[in-house]
Amino acid sequence: VGYCPEVWRTPWGDFALVVGIVVFLFYMVFFFVSFISHSLRARERKLEEHHAALLSIDREKTEYLLRATHELKGPMAVILGYLEVVLKGYTGEIGEKTREPLEQAVFRGKLMIEHIRKMLQWVCLKTELITPERFVPVKLPVLLRQCVGSLPPGEQPRVEISVAREAGEAGLDGIEGELSLLFSNLLANAVHYSTPKTLIRVEVTPEEGAIRVSVSNQGQGIQPENREKIFSPHFRETEATRKNRAGSGLGLCIARKIAEIHGGSIRVESCPGRETVFTVLLCRGQKSRLAHHDADPEQAVRSWWTDFID
């Protein structure tokens with residue numbers, strides 16, 4: 001049936017045919033793999049370009065926000081200063097009808113400055129470069145006592161600090177200013193949202209390769225559906241807004257970011273109307289971990305911490 005040379009009917013002919021088919025399939029597969037690989041590389045380059053563009057836009061937005069908030073901070077402080085001068089009577093007697101709106105203006109002005117300060121802290125935490133050199137030995141019990149000392153004098157006796165015996169000095173390598181901000185935020189929240197004159201407990205206990213710090217208070221508590229939302233920027237429960245109008249909704253997201261910078265985490269347990277416990281876990285080996293990893297160039301945007309917070 002048709003012409004077929006005798007050579008193809010031999011075992012060598014069958015072998016040559018199989019080799020030919022294998023070579024043909026190899027080149028077909030190679031062609032398709034090369035084509036797919038080239039397409040993927042092209043798409044990857046486009047994604048990298050889009051990602052770089054988004055990073056650039058985000059940096060510009062962050063820089064604009066920093067400039068805007070910093071420029072607002074100075075004039076607002078001057079306005080408050082003038083209002084205080086008027087309220088204290090240095091410019092002459094003022095009537096009660098005039099005093100009330102001036103006091104409201106001072107309150108709102110101080111509220112705005114506090115919001116600006118929190119916003120600067122949040123933006124700086126998002127953009128700062130984290131390097132091992134910034135981590136120094138920190139004794140948590142000492143730092144916690146300093147944080148308690150920054151509370152209003154009438155609230156300080158409410159705070160009780162206990163350090164587990166096995167924790168020793170409870171030391172770790174950390175960024176001291178940021179750890180102070182973390183615990184100051186938690187303590188301030190405990191004061192604002194707890195029942196007056198009730199005890200606020202701070203407990204320090206060791207974990208394997210970490211230190212756990214819990215801050216508990218008796219008070220209104222947090223609804224179950226909001227226990228994750230409270231760590232989102234600007235989120236505030238309705239009841240919390242009623243109780244503390246001066247809040248910015250940034251304290252807890254700042255606290256979580258600082259915990260993450262230190263290789264740790266923060267979580268909350270709450271029984272509405274009874275007890276709320278914030279638990280912070282901080283890694284003792286974060287400095288050495290950072291030392292063994294190259295800094296991500298996309299993360300190294302800029303650190304404005306000292307310039308703006310001070």
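All heavy atoms count here, side chains included; hydrogens, waters and symmetry mates do not.
- The heavy-atom pair separating Ser270 from Thr276 by the smallest distance is OG-OG1, 2.9 Å.
- Taking CZ of Arg158 as the start and CG of Leu187 as the end, the distance is 11.0 Å to the nearest 0.5 Å.
- Atom SG of Cys271 sits about 9.5 Å away from atom CD of Gln218, to the nearest 0.5 Å.
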Carefully, step by step, assess Glu275 and Arg201 under the rule salt bridge (Lys or Arg N to Asp or Glu O under 4.0 Å). CA-CA 11 Å; Glu275 185 180 49; Arg201 290 186 176 88; 5.1 Å; no

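- With a 4.5 Å cut-off on side-chain heavy atoms, Ile230 and Phe278 count as touching.
- Here the side chains of Leu172 and Leu179 are in contact, with some heavy-atom distance below 4.5 Å.
- Screening Val280, Val202, Val148, Ile258 for a side chain to side chain contact (heavy atoms under 4.5 Å, CB included) involving Phe183 leaves a single residue, Val280.
- For Arg267 (side chain) and Val277 (main-chain N/O), no donor-acceptor pair under 3.5 Å exists by modelled atom type.
- The shortest non-hydrogen separation linking Leu182 to Ala255 is CD1-O, 3.6 Å.
- Looking at every heavy atom in both residues, Ser184 comes nearest to Ser150 through OG-OG, 4.2 Å.
- Closest approach of Phe231 and Ile266 over heavy atoms only: CE2-CG2, 3.8 Å.
- No donor-acceptor pair closer than 3.5 Å links the side chain of Asp173 to the backbone N or O of Phe135.
- In this structure, Thr205 and Ala164 approach most closely via the heavy-atom pair CG2-CB, 3.9 Å.
- Listed for the Ser34 side chain is a donor-acceptor partner under 3.5 Å among the backbone atoms of Phe30.
- Contact annotation: the side chain of Val106 never approaches that of Glu103 to less than 4.5 Å [non-hydrogen atoms, C-beta and beyond].
- Between Phe235 atom CZ and Leu250 atom CG the span is 13.5 Å, to the nearest 0.5 Å.
- With a 4.5 Å cut-off on side-chain heavy atoms, Leu186 and Leu252 count as touching.
- For the atom pair His38 NE2 and Ile36 CD1, the distance stands at 12.5 Å (nearest 0.5 Å).
- Looking at every heavy atom in both residues, Leu282 comes nearest to Ala259 through CD2-CA, 4.3 Å.
- Side-chain contact between Arg99 and Glu96 is present, with heavy atoms from C-beta onward closer than 4.5 Å.
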